[in-house]
Amino acid sequence: VQLDESGGGLVQAGGSLRLSCAASAGSFTSWAMGWFRQAPGKEREFVAAINWSGNLNYAESAKGRFTIYRDNAKKMVWLQMNSLKTDDADVYYCAGRLRVISTNENMYNKWGQGTQVTVSS
């Protein structure tokens with residue numbers, strides 16, 4: 001499985017963005033998918049994850065504002081981000097691992113190249 005993110009950009013605080021992650025090849029249904037983010041000089045941070053059947057996990061910072069969802073037939077996963085804050089500005093990465101969702105980045109072995117999200121005040 002190869003992952004390709006898109007949808008990042010510049011948005012004002014309070015605005016919304018939807019990030020997309022397209023998976024190529026492989027059995028996408030078998031994969032648990034996650035979104036992580038990373039600021040310069042900081043560790044990668046878990047944002048949200050979803051498994052094949054729709055079980056979800058969100059970071060506290062994402063709860064109530066972000067929604068992760070997927071379409072197995074299209075081999076796509078999205079992260080809808082609402083009420084964005086300046087603290088949400090990071091490079092966002094899509095990640096995949098077999099079956100079980102995890103909040104630990106080291107458990108994921110497939111990564112996209114990242115997409116930049118910038119939030120202006």
Side-chain angles (χ1 to χ4, degrees):
V1 174
Q2 288 187 303
L3 304 176
D4 185 22
E5 305 101 331
S6 60
L10 172 64
V11 63
Q12 285 190 324
S16 298
L17 278 177
R18 188 179 74 162
L19 305 183
S20 300
C21 176
S24 61
S27 178
F28 183 71
T29 306
S30 301
W31 288 78
M33 303 300 297
W35 286 97
F36 290 77
R37 64 187 185 185
Q38 188 172 25
K42 293 187 177 181
E43 293 186 354
R44 200 168 293 184
E45 176 186 34
F46 170 75
V47 178
I50 184 170
N51 78 347
W52 69 275
S53 63
N55 289 335
L56 307 171
N57 196 341
Y58 290 100
E60 285 299 320
S61 60
K63 288 180 180 178
R65 300 189 300 126
F66 295 2
T67 303
I68 186 171
Y69 58 103
R70 66 191 288 168
D71 185 323
N72 291 331
K74 295 182 179 178
K75 296 186 178 181
M76 294 285 297
V77 62
W78 295 271
L79 183 68
Q80 177 67 44
M81 304 187 294
N82 299 328
S83 303
L84 282 162
K85 307 174 183 179
T86 54
D87 287 348
D88 295 318
D90 281 322
V91 177
Y92 282 72
Y93 296 90
C94 176
R97 69 183 301 265
L98 282 175
R99 296 185 184 88
V100 180
I101 60 176
S102 174
T103 62
N104 185 344
E105 62 168 314
N106 295 315
M107 301 300 289
Y108 290 81
N109 56 351
K110 298 294 183 182
W111 291 88
Q113 80 287 353
T115 185
Q116 177 72 53
V117 171
T118 304
V119 183
S120 63
S121 58

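Bear in mind the structure is a predicted one, so any value in this text is a computation, not a measurement.
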Is [X] reaching over with its side chain to a backbone N or O of [Y], donor-acceptor style, under 3.5 angstrom?
{"X": "E5", "Y": "G114", "answer": "yes"}
{"X": "D90", "Y": "Y92", "answer": "no"}
{"X": "R70", "Y": "N51", "answer": "yes"}
{"X": "N57", "Y": "T103", "answer": "no"}

Taking all heavy atoms of [X] and all of [Y], pick out the closest pair and write down the distance.
{"X": "L17", "Y": "L84", "result": "N-CD1, 3.8 Å"}
{"X": "L79", "Y": "F66", "result": "CD1-CB, 4.1 Å"}
{"X": "S121", "Y": "T86", "result": "CB-CG2, 3.9 Å"}
{"X": "Q113", "Y": "L3", "result": "OE1-O, 3.8 Å"}
{"X": "I101", "Y": "I50", "result": "CG2-C, 3.3 Å"}
{"X": "W35", "Y": "S20", "result": "CH2-O, 3.7 Å"}

When clusters are formed from ILVMFWY side-chain contacts under 4.5 Å, directly or step by step, what else is grouped with L10? none
Taking the six-membered ring of Y108 as reference, does the cationic atom of R44 (NZ for Lys, CZ for Arg) lie under 6.0 Å from its centre and within 45° of its axis? no
Has W52 got more than 12 heavy atoms of other residues, nucleotides or ligands less than 6.0 Å from its CH2? no
Derivation of the side chain to side chain contact (heavy atoms under 4.5 Å, CB included) call for D88 and R65: CA-CA 11 Å; D88 295 318; R65 300 189 300 126; 2.7 Å; yes
If Ile, Leu, Val, Met, Phe, Trp and Tyr residues are connected whenever their side-chain heavy atoms lie under 4.5 Å apart, and connections chain through other members, are [X] and [Y] in the same group?
{"X": "M76", "Y": "M33", "result": "no"}
{"X": "I68", "Y": "F36", "result": "no"}
{"X": "V11", "Y": "L19", "result": "yes"}
{"X": "L56", "Y": "M107", "result": "no"}

First locate atom [atom1] of [X], then atom [atom2] of [Y], and finally report the distance between them rounded to the nearest 0.5 Å.
{"X": "M81", "Y": "S16", "atom1": "CE", "atom2": "OG", "answer": "9.0 Å"}
{"X": "E43", "Y": "Q38", "atom1": "CD", "atom2": "CD", "answer": "8.5 Å"}
{"X": "W78", "Y": "C94", "atom1": "CH2", "atom2": "SG", "answer": "11.0 Å"}

Note, [X] side chain near [Y] side chain (heavy atom, < 4.5 Å):
{"X": "T67", "Y": "Y58", "result": "yes"}
{"X": "K75", "Y": "S24", "result": "no"}
{"X": "V117", "Y": "R37", "result": "no"}

For E60, what residues pass the salt bridge (charged side-chain N to carboxylate O under 4.0 Å, His left out) criterion, not counting sequence neighbours? K63
Pair Q80-N82, side-chain donor/acceptor within less than 3.5 Å: yes
Restricting to side chain to side chain contact (heavy atoms under 4.5 Å, CB included), what partner residues turn up for N109, sequence neighbours left out? W31, R97
